[in-house]
Amino acid sequence: LTITRMPMGQSIAATPLQMHMAMGVVASGGYLLRPQVIQQISDASGEVVYRYSGVAKQRVITAATARTMSRLLIGVVSLAGSAVAFYLVAYLLMTMLSFAVLIIVAQHTGEEIADFNGLAKRSPFLSFALVIAMASLAGVPFTAGFLGKFFIFDAAIRQHQTTLIVIGVVTVACGFYYYLKVVRAMYWEKSATTGAIPLSGLSRITMIALIGGIIGWVASLIMHTDAQ
């Protein structure tokens, strides 16, 4: 198993043949090819009598997407496994915390960004929890997300993956705009409603545990850095 195969389900829900077909789509420029075992037929003298060419069943992705995925897969293969693992765990904790807040807010006001206007006054705890999640997802310095991205970029730089680094910087910049837009709505925009959002004890404990997990993960990332 490798880091490129595990997310696609090998040994979980995909057979080796399905894995090769999926990777073949990227290698063939976006076409799903019919599996074949024989490449060519040769006679006794070794001369090729018949050569089988790949049969495209259908186009699955565009050629541009296939090229992009091939470059990204090269970058993924070159990354250190520990860096990816650190980032995945941090991303899981951040996403769980943000979705926990989103579900509660959506039940009372809605799930659009405008529904988060003035959340800091209506529910200081929810807004604080979401700030931690959004800041970390955006990659604000010294958050779990920042350190996870740092390790990944560091591994990419060591492998001279310039294209991957450029793509990563662009996506991080886009993430800053989106995630901090939610923070701006919570603390600087006025809300149409002034009623407080009720929060159960179980929800509060769950969010505190997630916040603690994020902080603990930051500490483990820093310890990992010191160890190296």
Side-chain angles (χ1 to χ4, degrees), residues 1 3-13 72 76 79-153 155 168 171-187 189 191 196-225:
L1 293 180
I3 195 170
T4 59
R5 295 174 182 164
M6 290 171 60
M8 298 180 67
Q10 179 151 347
S11 79
I12 301 174
L72 290 176
V76 170
L79 295 178
S82 59
V84 177
F86 277 134
Y87 182 73
L88 288 177
V89 173
Y91 185 82
L92 175 63
L93 294 172
M94 296 179 292
T95 303
M96 291 176 63
L97 180 59
S98 60
F99 268 96
V101 177
L102 175 62
I103 291 173
I104 294 175
V105 174
Q107 290 175 344
H108 294 85
T109 56
E111 55 185 19
E112 301 295 330
I113 293 182
D115 296 318
F116 289 84
N117 290 349
L119 182 63
K121 294 182 178 179
R122 291 183 290 150
S123 179
F125 178 79
L126 286 178
S127 61
F128 171 73
L130 194 56
V131 162
I132 293 178
M134 294 292 102
S136 195
L137 285 169
V140 174
F142 305 110
T143 61
F146 170 80
L147 293 176
K149 291 182 178 70
F150 173 81
F151 286 131
I152 288 180
F153 280 125
T171 56
V172 168
C174 295
F176 255 94
Y177 172 79
Y178 176 79
Y179 294 125
L180 297 185
K181 188 176 181 180
V182 179
V183 177
R184 179 176 179 272
M186 292 190 299
Y187 285 90
E189 298 293 341
S191 175
I197 297 179
L199 184 64
S200 66
L202 179 60
S203 298
R204 188 181 297 271
I205 293 174
T206 301
M207 292 182 189
I208 292 175
L210 290 172
I211 293 173
I214 294 175
I215 296 175
W217 198 240
V218 170
S220 67
L221 289 173
I222 294 175
M223 294 175 62
H224 175 77
T225 304

Requested in this report: Starting at NZ of Lys181, measure out to CD of Glu189 and round the result to the nearest 0.5 Å.
Outcome: 10.0 Å

Query raised in the report: So how far is it from Ile104 CD1 to Thr109 OG1, rounded to the nearest 0.5 Å?
Result: 11.0 Å

Query - Gap between atom CD1 of Ile132 and atom CD1 of Ile214 - 0.5 Å precision - result: 6.5 Å

Query raised in the report: When rounded to the nearest 0.5 angstrom, what distance separates OG in Ser136 from CG in Leu97?
Result: 9.5 Å

Query raised in the report: For the atom pair NE2 (His108) and CG (Leu119), what is the distance rounded to the nearest 0.5 Å?
Result: 11.5 Å

Query raised in the report: What residues, two or more places apart in sequence or in another chain, satisfy side chain to side chain contact (heavy atoms under 4.5 Å, CB included) together with Ile103?
Result: Gln107

Query raised in the report: Taking the side chain from Ser98 and the backbone from Thr95, do they hold a donor-acceptor pair closer than 3.5 Å?
Result: yes

Report task. Taking all non-hydrogen atoms of both residues into account, name the closest pair between Phe146 and Pro141 and its distance. Result -> CG-CA, 3.5 Å

Identify each donor-acceptor pair in which a side-chain atom of residues 206-213 lies under 3.5 Å from a protein atom, sequence neighbours left out, and give them as a table.
from	atom 1	to	atom 2	distance (Å)
Thr206	OG1	Leu202	O	2.8

Query - For Asp115 against Val105, the heavy-atom pair lying closest together - result: O-CG1, 4.1 Å

Query - Over all atoms of both residues, closest heavy-atom pair of Thr143 and Ala135 - result: OG1-O, 3.8 Å

Query raised in the report: So with a 6.0 Å cut-off around CZ of Phe128, is the heavy-atom count from everything else above 12?
Result: no

Query raised in the report: What is the minimum heavy-atom distance between Val101 and Ala129, and which atoms define it?
Result: CG2-CB, 4.1 Å

**Report entry** Over all atoms of both residues, closest heavy-atom pair of Tyr187 and Ser127
**Finding:** OH-OG, 3.4 Å

Query raised in the report: Is the shortest heavy-atom distance from the side chain of Phe116 to the side chain of Val183 under 4.5 Å?
Result: no

Query - Met94 versus Leu137, closest heavy-atom pair with distance - result: SD-N, 3.4 Å

Report task. Give a yes or no answer on whether the side chain of Arg122 reaches the backbone of Asn117 with a donor-acceptor pair at less than 3.5 Å. Result -> yes

Report task. For Glu112, look at atom CD and say whether over 12 heavy atoms of other residues, nucleotides or ligands are found less than 6.0 Å away. Result -> no

